[in-house]
Amino acid sequence: NYYANFGPSGLNDLPAGVTGPSSDFYSFNVPVSGGTWHVISLDSECAALPAVVGGPPSGNASGCAVGSPEETFLRNDLAAHQAECTLIHWHEPLRSEVFGYDSDYQAFWNDAVNYHVTAIINGHAHDYERWVPMDANGNPTPTGVTQIIAGTGGDSHVSGPSNANVAFSDASDFGVLQLTLSATNANFAFKTVSGTTPDSGTIPCQGLSTPTVTAVSPSSGPLAGGTSVTITGTNFTGATAVKFGTTNATSFTVNSSTSITATAPAESAATVDVTVTTPNGTSATSAADKFTYASSTPTVTAVSPSSGPLAGGTSV
C-alpha cells in the first residue's frame with residue numbers, strides 16, 4: 001500500500017504526523033512571491049484505507065468514498081483554505097485515455113470542484129495527458145479543475161483511445177511535469193528527457209476570484225421567507241444569483257465585493273446553505289453559510305399557575 005511504499009519502512013518520504021495508512025493524507029503550503037499555494041496529498045489505494053474512523057482497511061473503494069476519513073479530511077481541509085490557490089495530487093486518475101473512468105475517485109473530484117481547486121495531478125497511466133478544465137461530471141467549463149497525468153517516469157509507454165477533453169497527450173516521451181507557481185497562476189511544462197518541451201502553458205488560480213461566504217446575519221427566519229439577510233464574504237462583484245438551498249433569493253443587492261443584502265425566499269423547515277454565484281463560479285458550502293427556517297407555529301412551554309376553580313376567573 002501507499003504507506004508501506006513511502007513510509008519509514010520504504011522511502012521514508014512522509015511527514016512526521018503520518019503514522020499509518022489511516023493517516024497518510026496530508027497538506028502543506030508552498031509560499032510564493034505575493035501569495036501561497038496550498039497542496040493536498042492523498043492516498044488513492046482505497047482498499048488499504050479505513051471506511052470509518054478507527055476502522056480496519058476497507059478492502060474496497062469505500063476507503064475513498066464520501067464520509068470516509070480521507071474524504072472527510074479532504075473536504076474539511078478545502079473548506080479551511082477557500083479562496084486560495086490549491087493543487088491536489090494522488091496516484092490513479094479519475095479519467096485517463098489509458099484506463100477510462102475510475103469511479104473510486106469521484107468523491108475527490110466532487111470536493112475539488114465544489115471548492116474550486118485549480119488542478120489535480122495524477123500518475124499511474126504511463127503517458128502524459130493534460131485535460132481541459134472540467135466540472136465533476138467531466139463537462140468542460142472555464143471554472144472547472146484542470147487534470148494533468150504525468151506517468152512518464154521511465155518504466156514504459158501505454159496509450160489509449162483519444163478523448164475530446166484532452167488538450168494534449170504524449171505516449172512517446174519520458175519526462176517530468178514542471179510547475180512554476182506564482183501568486184495568481186501555475187505555469188506548467190512537460191520536459192522530456194530529450195530536452196524538448198512539447199506542452200506548456202498557464203493555468204489561472206481558480207480560488208482567487210471565486211466567491212466565498214463567511215457569514216450570514218441573521219442566520220434564521222420564518223418559513224414564509226421575507227427576512228432581510230446580510231451575506232458577508234469575498235469576490236461578490238458581478239453576482240448573478242443568490243440561493244437559499246436550491247431556491248433563488250426573492251431579491252438581492254450587491255453592496256460591495258464583500259457584502260450582499262438578500263431577501264430570503266419561502267422554504268420548508270430546514271437548514272440550508274446560502275450560496276453566491278458570479279461568472280467565476282459558485283461559493284463552496286460550509287458551516288459559515290447556514291440559514292435556518294424556523295416554524296412560526298406558536299409553542300406553549302409553561303402555564304402558571306397550573307390550576308384554578310371550576311368557576312374560572314383565574315389569571316394565567
Side-chain angles (χ1 to χ4, degrees), residues 32 34-38 40 74-88 109-120 131-147 165 181-186 201-219 221 225 227-265 267 271-291:
V32 299
T36 300
W37 276 79
H38 189 63
I40 304 174
L74 172 62
R75 186 163 19 90
N76 290 341
D77 192 86
L78 289 170
H81 293 87
Q82 295 187 61
E84 295 184 16
C85 302
T86 302
L87 298 170
I88 308 177
W109 256 87
N110 292 347
D111 291 338
V113 170
N114 188 33
Y115 287 96
H116 310 291
V117 167
T118 298
I120 291 172
W131 292 62
V132 301
M134 296 180 292
D135 64 18
N137 296 317
N139 300 311
T141 174
T143 59
V145 180
T146 297
Q147 174 186 261
N165 287 350
L181 307 177
S182 72
T184 59
N185 56 56
T202 300
I203 307 171
C205 172
Q206 293 288 9
L208 294 181
S209 57
T210 304
T212 63
V213 174
T214 57
V216 173
S217 180
S219 59
T227 304
S228 179
V229 179
T230 298
I231 305 166
T232 304
T234 62
N235 299 319
F236 289 163
T237 302
T240 57
V242 174
K243 289 188 175 183
F244 287 67
T246 59
T247 307
N248 285 314
T250 303
S251 63
F252 70 90
T253 300
V254 179
N255 305 317
S256 68
S257 63
T258 61
S259 175
I260 289 177
T261 301
T263 301
E267 185 59 271
T271 296
V272 298
D273 293 293
V274 178
T275 57
V276 175
T277 298
T278 72
N280 295 314
T282 299
S283 59
T285 58
S286 71
D289 66 22
K290 305 297 184 184
F291 184 85

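Count residues from 1 along the sequence. Atoms considered below: every heavy atom in the structure, side chains included; atoms not considered: hydrogens, waters and symmetry mates. Values in this document were obtained by computation on a predicted structure and should not be read as measured data.
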Which atoms form the tightest heavy-atom contact between Ser228 and Thr261, and what is the distance? OG-CG2, 3.5 Å
Less than 4.5 Å apart, any side-chain heavy atom of Val213 and any of Thr275? no
Is it true that a side-chain atom of Tyr115 and a backbone atom of Thr285 form a donor plus acceptor pair closer than 3.5 Å? yes
Any non-hydrogen side-chain atom of Ile231 less than 4.5 Å from a side-chain atom of Phe236? yes
Determine the interplanar angle of the His81 and His38 rings, folded into 0 to 90°, and report it as parallel if under 30°, tilted if 30 to 60°, perpendicular if over 60°. parallel
Does the side chain of Thr247 come under 3.5 Å of the side chain of Glu267 through a donor N or O and an acceptor N or O? yes
Would the distance check show the side chain of Thr146 and the main-chain N or O of Ala119 forming a donor-acceptor pair, the cut-off being under 3.5 Å? no
Between Pro140 and Asn165, the two heavy atoms sitting closest are CG-OD1, 3.2 Å
Measure the spacing between CD1 of Ile88 and CD of Gln147 and express it to the nearest 0.5 Å. 11.5 Å
For the pair Asn235 (side chain) and Thr210 (backbone), establish whether a donor and an acceptor sit closer than 3.5 Å, ignoring hydrogens and angles. yes
Can you name the nearest heavy-atom pair linking Asn185 to Pro204, along with the distance? CB-CA, 3.9 Å
Value for OG (Ser286) from CG (Asn114), rounded to nearest 0.5 Å, stands at 10.0 Å
Asp273 vs Lys290, test: side chain to side chain contact (heavy atoms under 4.5 Å, CB included). Steps then yes/no. CA-CA 5 Å; Asp273 293 293; Lys290 305 297 184 184; 2.7 Å; yes
Measure the NE2-CG distance between His116 and Leu208 for me, rounded to the nearest 0.5 Å. 12.0 Å
Smallest separation among heavy atoms of Ala262 and Phe252, with atom names: CB-CB, 3.8 Å
Which pair of heavy atoms, one from Ala183 and one from Gly35, lies closest together, and at what distance? CB-N, 4.1 Å
Quick one: does any side-chain atom of Asp77 pair with a main-chain N or O of Leu74 as donor and acceptor, under 3.5 Å? no
Which heavy atom of Pro279 sits nearest to which heavy atom of Gly238, and what is that distance? CD-O, 3.4 Å
Is the backbone of Gln206 close enough, under 3.5 Å, to the side chain of Thr118 for a donor and an acceptor to pair up by distance? yes
Test log, rule side-chain hydrogen bond (donor to acceptor under 3.5 Å, both in side chains), inputs Ser217 and Thr230: CA-CA 5 Å; Ser217 180; Thr230 298; over 6 Å; no
Interatomic spacing from CG in Asn139 to CE in Met134 - rounded to 0.5 Å: 9.5 Å
Are Asp289 and Ser283 packed together at the side-chain level, in the sense that at least one heavy-atom pair is separated by less than 4.5 angstrom? no
Between Ser251 and Thr263, is there a side-chain donor-acceptor contact under 3.5 Å, judged purely by atom types and distance? yes
When you compare the side chains of Ser257 and Thr237, does any donor N or O come within less than 3.5 Å of an acceptor on the partner? no
Could you tell me whether the side chain of Trp37 and the main chain of Ser182 form a donor-acceptor pair under 3.5 Å? yes
Using modelled atom types only, decide if a donor and an acceptor are shared between the side chain of Thr240 and the backbone of Thr277 within a distance under 3.5 Å. yes
With heavy-atom distances below 4.5 Å as the criterion, would you say the side chains of Ile260 and Val276 are in contact? yes
Donor-acceptor under 3.5 Å (Ser256 side chain, Thr258 main chain): yes
I'd like to check Ile40 versus Val117 (side-chain heavy atoms, cut-off strictly below 4.5 Å). Are they in contact? no
Please answer whether the main-chain N or O of Val113 pairs with a side-chain N or O of Asp135 as donor and acceptor at a distance below 3.5 Å. no
